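What you see is a predicted model, and the numbers here were worked out from it, not measured in a lab. Here is the naming used below: chain letters follow the sequence lines, and residue numbers restart at 1 for every chain.
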Amino acid sequence: MDLKEAVRQYVKHGCHLSIGGFTINRNPMAAVYEIIRQKIKDIHLYAHSNGQGVDELVGAGCISCLEIAYGGSGKFASTCIRFKKAVQEKKIKIEDYSNYQMSLRFLAGSMGIAFLPTRSSLGSDIINRWGFSREFRQENPRLPDQKLIVMENPFENWCDTKKIVLVPAIIPDVTIIHVQKADVRGNCRIEGLTFADVEQAKAAKNLIVTCEEVVDENYLKSDPDRNQIPFLHASAVIHIPHGAYPCACYGYYDYDPIFLKDYAKAAGDDIQYHKYIQESILNNSTHDDFLDYIGKDRLKLIAADKDYGYAKNLVR
Amino acid sequence: MGYTLKEMMAIAAAREIQNSDVVFCGTGISMLAAMAAKNINAPESTIFFETGAIDSKLEDLPLAVSDSRIMYQASSNGGLLDSFAFMQNRFTGKHVVGILGAAQIDIYGNLNSTVIGDYNAPDVRFSGSGGACDVASFVSKTIIFMKLEKRKFKLKLDYLTSPGYLDGPDGREKAGLPEGGPYRVITDMGVMGFDGDSKKMFLKGYYPGISSGKILENMEFNIDISRAEKMDAPTPGELTLLREKCDPQGLIL
């Protein structure tokens with residue numbers, strides 16, 4: 001199955017989607033661009049801090065509802081620009097949680113449990129203010145009736161804890177992650193930080209994995225302690241070198257500062273941004289075409305030094 | 001030796017960090033302050049990131065908390081669940097000093113990094129909590145970077161993203177939060193602390209060339225300035241290490 005087919009089969013209009021990665025690292029950008037090319041709309045997106053991927057999906061008009069902890073792309077956009085604009089213009093509905101809460105929500109989904117507790121956000125407006133109204137929640141059978149619930153510790157004062165916040169599980173229709181190594185059956189090895197990818201992958205009904213390298217099954221099985229996701233979760237595995245570009249992929253390549261700066265510039269202006277979408281994404285029918293359009297020289301600049309996992313001398 | 005206000009801020013924050021601290025940091029100047037502490041006055045301090053890297057070597061300045069530069073030669077690379085559990089854990093969380101930033105702050109050190117205006121129809125939308133609310137909820141001390149401006153030091157926040165002392169001395173306990181809370185606010189004119197009894201912000205020090213009065217002019221609320229002292233300028237030694245070891249490419253400074 002290629003990426004076009006996987007997106008066509010699993011990412012539907014109105015589906016509940018989550019994407020892996022964090023701000024400008026290991027977002028599944030090839031899949032994000034394919035979703036934009038296929039003009040899939042009305043997506044309900046779950047994100048913790050998946051900066052660049054979220055911003056491009058929002059910017060292309062694919063998202064109607066967003067549950068998120070953080071919309072930022074590091075130094076390149078302290079607040080993601082199209083995300084900011086879409087919220088200010090009320091083009092998307094948004095619900096705010098914290099990063100830990102979103103991670104726990106994916107974990108709860110992966111465990112098959114309805115919620116998990118934390119002490120985070122007590123006394124804050126994350127508890128008091130809801131982006132999705134009660135009515136909206138009640139009308140939507142895919143959403144819990146409440147954003148979260150504060151309750152007394154049912155074990156009384158056990159662990160010196162009086163109150164806890166319960167956050168509801170997330171069960172995406174599909175999660176898409178980009179990993180360094182996978183085999184054809186879908187065993188995955190993530191190198192460097194896993195972020196919340198493992199929980200996101202295991203919470204979903206379907207999992208699309210894109211990877212830098214498809215390796216032999218025996219290769220992963222010879223060192224199983226380093227494999228985080230067993231094949232049983234995967235619905236599709238697709239070999240996409242530079243599949244996280246323009247984000248970084250530890251051990252393989254860095255983020256592309258030139259792209260991200262140009263993106264931030266274009267994102268600030270509607271006409272420039274539409275031009276960006278047309279020329280960079282829609283005019284290139286595959287990720288390979290997109291990479292050709294970016295050019296080999298640029299990819300050379302961000303190639304990771306093997307000893308470091310990033311491009312040591314990259315001008316940023 | 002001349003210096004910029006950004007350099008003063010990074011050094012002022014670094015000076016607050018001790019060898020036994022585990023420093024949680026975000027992007028930009030907070031990361032630089034953590035690196036400065038490690039290179040200048042607290043070489044034994046440990047830097048860690050919400051994304052799951054603990055004790056990163058940081059040979060090069062990261063530009064995001066997901067930057068591959070934080071993964072290089074860390075003591076352990078995990079995920080978000082690991083890092084927040086570390087802070088929520090009653091034994092390890094105690095040692096954490098969180099460095100945060102925000103769009104607005106009030107007298108009790110509560111922070112807004114979500115919206116200006118009405119939450120459901122905001123004039124300006126910011127990134128949102130990320131891990132900031134988690135850090136502010138869990139850890140024993142936070143250091144907050146703020147530009148000193150009236151629109152940022154607010155009588156009332158437009159949205160309370162990250163809890164400080166909430167509404168006063170017993171605010172955190174009433175809400176059910178663990179002990180802890182804001183410790184310092186590092187601004188471009190001076191440094192604030194929080195009174196042990198009232199939990200209200202007070203002026204602790206002002207930078208060379210700045211007066212207490214000028215600081216008050218740039219805030220919507222009044223704070224006690226009676227304890228304020230003039231702070232030392234960064235030393236040539238501090239500046240050299242900051243410039244040459246922490247940010248030689250001038251990415252933040």
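- Taking chain A as the reference chain and counting heavy-atom pairs below 4.5 Å, the highest number among B/Gly78, B/Ala53, B/Ala132, B/Pro62 is found for B/Gly78.
- Surrounding NZ of B/Lys154 are more than 12 heavy atoms belonging to other residues, nucleotides or ligands, all under 6.0 Å away.
- Defined by atom type and a distance below 3.5 Å, a donor-acceptor pair is present between the side-chain atoms of A/Asn25 and B/Ser68.
- Looking at A/His48, A/Gln101, A/Lys93, A/Arg105 one by one, the single match for side chain to side chain donor-acceptor pair (under 3.5 Å) with A/Glu67 turns out to be A/Arg105.
- We find that B/Arg90 and A/Asp160 are joined by a salt bridge, their nearest charged nitrogen and carboxylate oxygen being less than 4.0 Å apart.
- Heavy atoms of A/Lys162 lying under 4.5 Å from chain B belong exclusively to its side chain.
- Of the atoms belonging to B/Ser137, it is side-chain heavy atoms, and not backbone ones, that fall under 4.5 Å from chain A.
- Among A/Glu199, A/Lys202, A/Met111, the one residue that satisfies the side-chain contact (heavy atoms from CB on, under 4.5 Å) test with A/Phe106 is A/Glu199.
- Ranked by heavy-atom pairs under 4.5 Å with chain A, the list B/Leu81, B/Thr27, B/Ile252 is led by B/Leu81.
- Comparing B/Val115, B/Val65, B/Val135, B/Asp67 by how many heavy-atom pairs each has under 4.5 Å with chain A, the most go to B/Asp67.
- Contact check for A/Leu193 versus B/Ile70: side-chain heavy atoms found under the 4.5 Å cut-off.
- Judged as a side-chain contact (heavy atoms from CB on, under 4.5 Å), and not counting sequence neighbours, the contacts of B/Ala102 are B/Leu111, B/Met146.
- The two atoms that bring A/Gly251 and A/Lys306 nearest to each other are O-NZ, 2.9 Å, heavy atoms only.
- At a 4.5 Å heavy-atom cutoff, the contact between A/Leu107 and chain B is made by side-chain atoms alone.
- Between B/Leu166 and B/Leu160, some side-chain heavy-atom pair lies under the 4.5 Å cut-off.
- Using modelled atom types and a 3.5 Å distance limit, the side chains of B/Thr114 and B/Thr161 yield a donor-acceptor pair.
- Neither the backbone nor the side chain of B/Asn110 comes within contact range of chain A; no heavy atom of the residue lies under 4.5 Å from a heavy atom of that chain.
- Only the backbone of A/Ser78 comes within contact range of chain B, with at least one heavy atom under 4.5 Å from a heavy atom of that chain.
- B/Leu157 does not touch chain A: none of its heavy atoms, backbone or side chain, sits under 4.5 Å away.
- Of the atoms belonging to B/Ala74, not a single heavy atom falls under 4.5 Å from chain A.
- Salt-bridge formation is detected for the pair A/Arg137/A/Glu95: a Lys NZ or Arg NE/NH1/NH2 atom is positioned less than 4.0 Å from an Asp or Glu carboxylate oxygen.
- The number of heavy-atom neighbours closer than 6.0 Å to CZ of A/Phe115, taken from other residues, nucleotides and ligands shown, is 12 or below.
- No part of A/Ile127 comes within reach of chain B, as not one of its non-hydrogen atoms sits under 4.5 angstrom from that chain.
- When heavy atoms are compared at a cutoff of 4.5 Å, A/Leu116 does not approach chain B at all.
- Remark: B/Lys245 NZ is loosely packed, at most 12 non-hydrogen atoms of other residues, nucleotides or ligands lying under 6.0 Å away.
- Contacts between B/Phe138 and chain A at a heavy-atom distance below 4.5 Å involve the side chain alone, from C-beta outward.
- Contacts from residues 168-184 of chain B to chain A, taken as heavy-atom pairs separated by less than 4.5 Å, involve B/Glu173, B/Lys174, B/Ala175, B/Gly176, B/Leu177, B/Pro178 in sequence order.
- If you measure heavy-atom distances from B/Val124 to chain A, the contacts under 4.5 Å come from both the backbone and the side chain.
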